[in-house]
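In what follows, chains are A, B, ... by sequence order, proteins preceding strands, each numbered from 1. Every value quoted in this text rests on a predicted model; they were computed, and no experiment measured them.
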Amino acid sequence: MAPVDRIRLMPAPGQIVTRFAPSPTGFLHIGGARTALFNWLYAKRMGGIFRLRIEDTDRARSTPEAIEAILEGLDWLGLQHDDEVVYQFARAARHREVVDELLAKGAAYKCYASQEELEAMRAEQKAAGKPMRYDGRWRDRVPDGPLPNVPPVIRLKAPQTGETIIDDQVQGEVKFRNDVLDDFILLRSDGNPTYMLSVVVDDYDMGVTHIIRGDDHLTNAARQRQIIDAMGWPKPVYAHLPLMHGEDGAKLSKRHGALGIHEYQNLGYLPEAMRNYLLRLGWSHGDDETISTAQAIDWFNLESIGRSPARVDFKKLNNLNGHYMRAADDGELAVAAQQLIGRMGRPPLTATQEAQLLKAMPSLKDRAKTLVELIDNMSFIFVERPLTPDEKALKALSEDARARLKRLGAALADVPWTAPEIEAAVRTFAEAEQAKLGDVAQPLRAALTGRTVSPPVFDVMATLGREEALARIADQAAA
RNA sequence: GGGGCCUUCGUCUAUCGGUUAGGACGGCAGCCUCUCACGUUGCAAAGACGGGUUCGAUUCCCGUAGGCCCCGCCA
């Protein structure tokens, strides 16, 4: 049994404790990431503790890979949990202990109905158009005769009258009539606890004071409250977040926005942009849109969480990511870009390329919304002479243009190699040719990058260095 | 079938009964400009529907419709 005192750590009196409790049956998707963010933010805001629990009681579907993905995803998002991770399955003995207590105080009972019997019961109820729920057939049965030869499950002897009220911080006061809540199972016939029981026990043992989770658990909250009441434990504060939908409004699934959080990393998004984006999906602070993590910690509250479901919107994520890219430190961005290049399976940058990346970073980061875009935009650094211009670039390299490039190359021979000096020289050259700057710059860009879109040509030249730049110009002038 | 939750521009949202219903993303148009991007100016764009309550409802109440969640020896 997991030592209870070890997982019930330090919360000081009055200190709040939140938790994120994913089940490792798949990757961490964007909805889970937002739930984790909100829990983390609230703990930070309140000077509390943010804990992580892996709900791995579904032995058939839980995988170590999923656990790893969740841990890595949270780490990338920068949502560091306090204390050690609690693994739910390891605490089964403790959960059984609570069931024994419930049994002893008459708040739970054994049910010998077989699964087939229950299926038949539900089928009958459905056919009769009646609500489908356990009918309590073993609730008050005194075992007078011989017991059926099936291992029993343990059910909660739930109240049958009155109502269970959840005072939710997001949804408001939600009432459930107790007669629509049946005697659900606490312990399976194989002796393993169910989710419903495990969450309650673990939250209690972990000292969780605020449960912030998905809307899909709202009805479960009522059942869990009944266990809490039966045990006489303190009631946690609930905040049920509206679910998130895919871009098309459909439920999140593998096909929609439900990419694993690591996919967002590979798509070139920055963690701080993700945090800002996720925060604004369901939470608001007046008209504020760009909210730093520090600011978010300062402002976050439960009252401002919206009640309606939201869709993921990549356009907005892109916009925010662009904002954070522009604001990012050049060196750090270069490191992030190189890491992504590595994950893409591409060879690492040479020392020269690394220096060029850093030099070009100011103009590079201004025109990329993601790191993937930035890497694509720096392709002029990767390409080797002689360049093969793409279709549009080829159009810019007319015969006249190539002839002019030849003259330009000569004009540039003795220019000091800095962007402003180069620009001045090219402008002078254009004037002498009685050409518009654009008519000189576009063929020049095509020759230097092989494309018609790039960072400012003068920056490109400065980045490339005199020798390489002049050689690329000569290549095209000669072609 | 039962219970619960939700509903403001295409999308995310603001509005604590009184606003020309605001902002952001995206879109369109212009400016800036060596391309792209940034920036900037402007434009189009919303209270699901029907009843109430009120001097006055996007806002409060009821109903309808639609969407979603739960009703499992999954979590």
Side-chain angles (χ1 to χ4, degrees), chain A residues 21-25 55-58 60-62 88 111 113-115 118-119 122 125-134 151-155 166 168 170-172 174-177 180-182 184-190 192 194-196 198-199 214-220 222-223 240 242-243 245 247 249 251 277 280-290 306-320 322-323 326 363-369 373 377 392 396 423 426-427 430 436-442 444-446 449 451-458:
Chain A
S23 55
T25 52
E55 308 215 321
D56 54 352
T57 51
D58 185 341
R61 293 194 298 154
S62 297
Q88 190 161 63
C111 167
S114 68
Q115 297 197 42
L118 292 174
E119 271 166 38
R122 282 188 211 101
Q125 290 168 335
K126 188 169 187 177
K130 290 206 215 139
M132 292 184 289
R133 64 178 79 108
Y134 177 68
V153 300
I154 312 291
R155 289 180 183 272
I166 300 298
D168 194 274
V170 175
Q171 311 290 348
V174 186
K175 298 176 181 172
F176 298 90
R177 289 205 336 260
V180 304
L181 268 17
D182 61 3
F184 55 91
I185 295 173
L186 300 171
L187 206 63
R188 289 185 256 261
S189 54
D190 65 0
N192 283 128
T194 60
Y195 156 81
M196 213 61 80
S198 302
V199 211
D215 215 352
D216 49 339
H217 290 288
L218 185 54
T219 29
N220 291 333
R223 298 174 210 281
H240 285 93
L243 264 20
H245 291 171
E247 222 170 5
K251 188 185 171 185
Y277 176 70
R280 283 291 290 108
L281 230 44
W283 183 86
S284 59
H285 184 270
D287 283 340
D288 294 303
E289 294 288 348
T290 309
R307 282 159 301 280
S308 52
R311 302 181 183 201
V312 303
D313 178 8
F314 282 92
K315 297 277 181 53
K316 190 152 185 173
L317 210 207
N318 280 342
N319 177 273
L320 269 175
H323 170 86
R326 270 170 263 134
S363 57
L364 237 25
K365 71 180 182 184
D366 264 8
R367 57 206 79 231
K369 297 210 185 301
E373 226 177 283
N377 291 345
K392 286 183 199 161
E423 175 165 359
V426 173
R427 282 184 186 277
K436 285 189 290 186
L437 182 58
D439 293 333
V440 178
Q442 274 310 86
L444 183 53
R445 185 188 320 281
T449 69
R451 301 183 178 188
T452 51
V453 175
S454 83
V457 277
F458 312 117

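Listed here is the closest heavy atom pair of A/Thr25 and A/Ser62: CG2-N, 4.1 Å.
Nucleotide B/G26 forms a pair with no other nucleotide shown, judged by Watson-Crick or G-U wobble geometry with both contacts under 3.5 Å. In this entry B/A65 has B/U7 as its Watson-Crick or G-U wobble partner, both defining distances falling under 3.5 Å. Pair assignment for B/G1: B/C71, on the basis of Watson-Crick or G-U wobble contacts that are both within less than 3.5 Å. Checking B/G39 for Watson-Crick or G-U wobble geometry (two distances, each under 3.5 Å) identifies B/C31 as its partner. For B/C60, the paired nucleotide is B/G52, the pair qualifying as Watson-Crick or G-U wobble because both relevant distances are below 3.5 Å. Applying the Watson-Crick and G-U wobble criteria (two distances, each under 3.5 Å), B/U15 pairs with nothing in any strand.
Taking atom P in both B/U59 and B/U19, the straight-line distance is 13 Å, to the nearest Å. Across B/C9 and B/A46, the matching C1' atoms stand 4 Å from one another, rounded to whole Å. Comparing B/C36 with B/U20, their C1' atoms sit 38 Å apart, to the nearest whole Å. For the C1' atoms, the distance linking B/A48 with B/C68 amounts to 16 Å, nearest Å. To the nearest whole angstrom, the two P atoms, one in B/G50 and one in B/G18, are 22 Å apart. Taking the P atoms as reference points, B/A44 lies 34 Å from B/C61, given to the whole Å. Distance noted for atom C1' between B/U7 and B/U58: 12 Å (whole Å). Annotation: B/G4 and B/U40 have their C1' atoms spaced 48 Å apart (nearest Å).
Rounded to whole Å, the distance from NE2 on A/His285 to P on B/C12 is 21 Å.
Taking every side-chain heavy atom of A/Arg367 into account, B/U35 is the closest of B/C12, B/U35, B/C5. Minimum atom distance to the side chain of A/Lys315 is reached by B/G26, of the listed B/G26, B/G4, B/C34. Of the listed nucleotides (B/A75, B/G3, B/C73), B/A75 has the atom at the smallest distance from the side chain of A/Gln88. Listed candidates were B/C69, B/C6, B/A75. Nearest to the side chain of A/Asp216 is B/C69. Closest to the side chain of A/Asp287, out of B/C73, B/A14, B/A37, is B/A14. Relative to the side chain of A/Ser189, the nucleotides B/G72, B/C73, B/G4 differ in distance, and B/C73 lies closest.
Aromatic ring centroids of A/His323 and A/Tyr277 lie 6.0 Å or more apart.
The base of B/C71 does not come close enough to the side chain of A/Thr219 for any donor and acceptor atom to sit less than 3.5 Å apart. One donor-acceptor pair, N or O on each side, does fall under 3.5 Å between the base of B/A75 and the side chain of A/Asn220. Put simply, the side chain of A/Arg445 and the base of B/C34 share a donor and an acceptor less than 3.5 Å apart. Judged by distance alone, with hydrogens and angles left aside, A/Arg188 brings no side-chain donor or acceptor close enough to the base of B/C73 to form a pair under 3.5 Å. With hydrogens and angles left out, the side chain of A/Arg61 and the base of B/C74 share a donor-acceptor pair within 3.5 Å.
Side-chain N or O atoms of A/Arg445 include one that pairs as donor or acceptor with a backbone N or O of A/Pro455 at under 3.5 Å. Proximity of a side-chain donor or acceptor of A/Asp56 to a complementary backbone N or O of A/Gln88 within less than 3.5 Å is detected. With A/Glu55 contributing its side chain and A/Tyr195 its backbone, the two residues share no donor-acceptor pair below 3.5 Å.
Counting heavy-atom neighbours within 6.0 Å of A/Arg133 CZ, excluding the residue itself, gives a total above 12.
Each of A/Met196 and A/Ser284 has a nearest nucleotide on RNA chain B; the 5'-most of these lies closest to A/Ser284.
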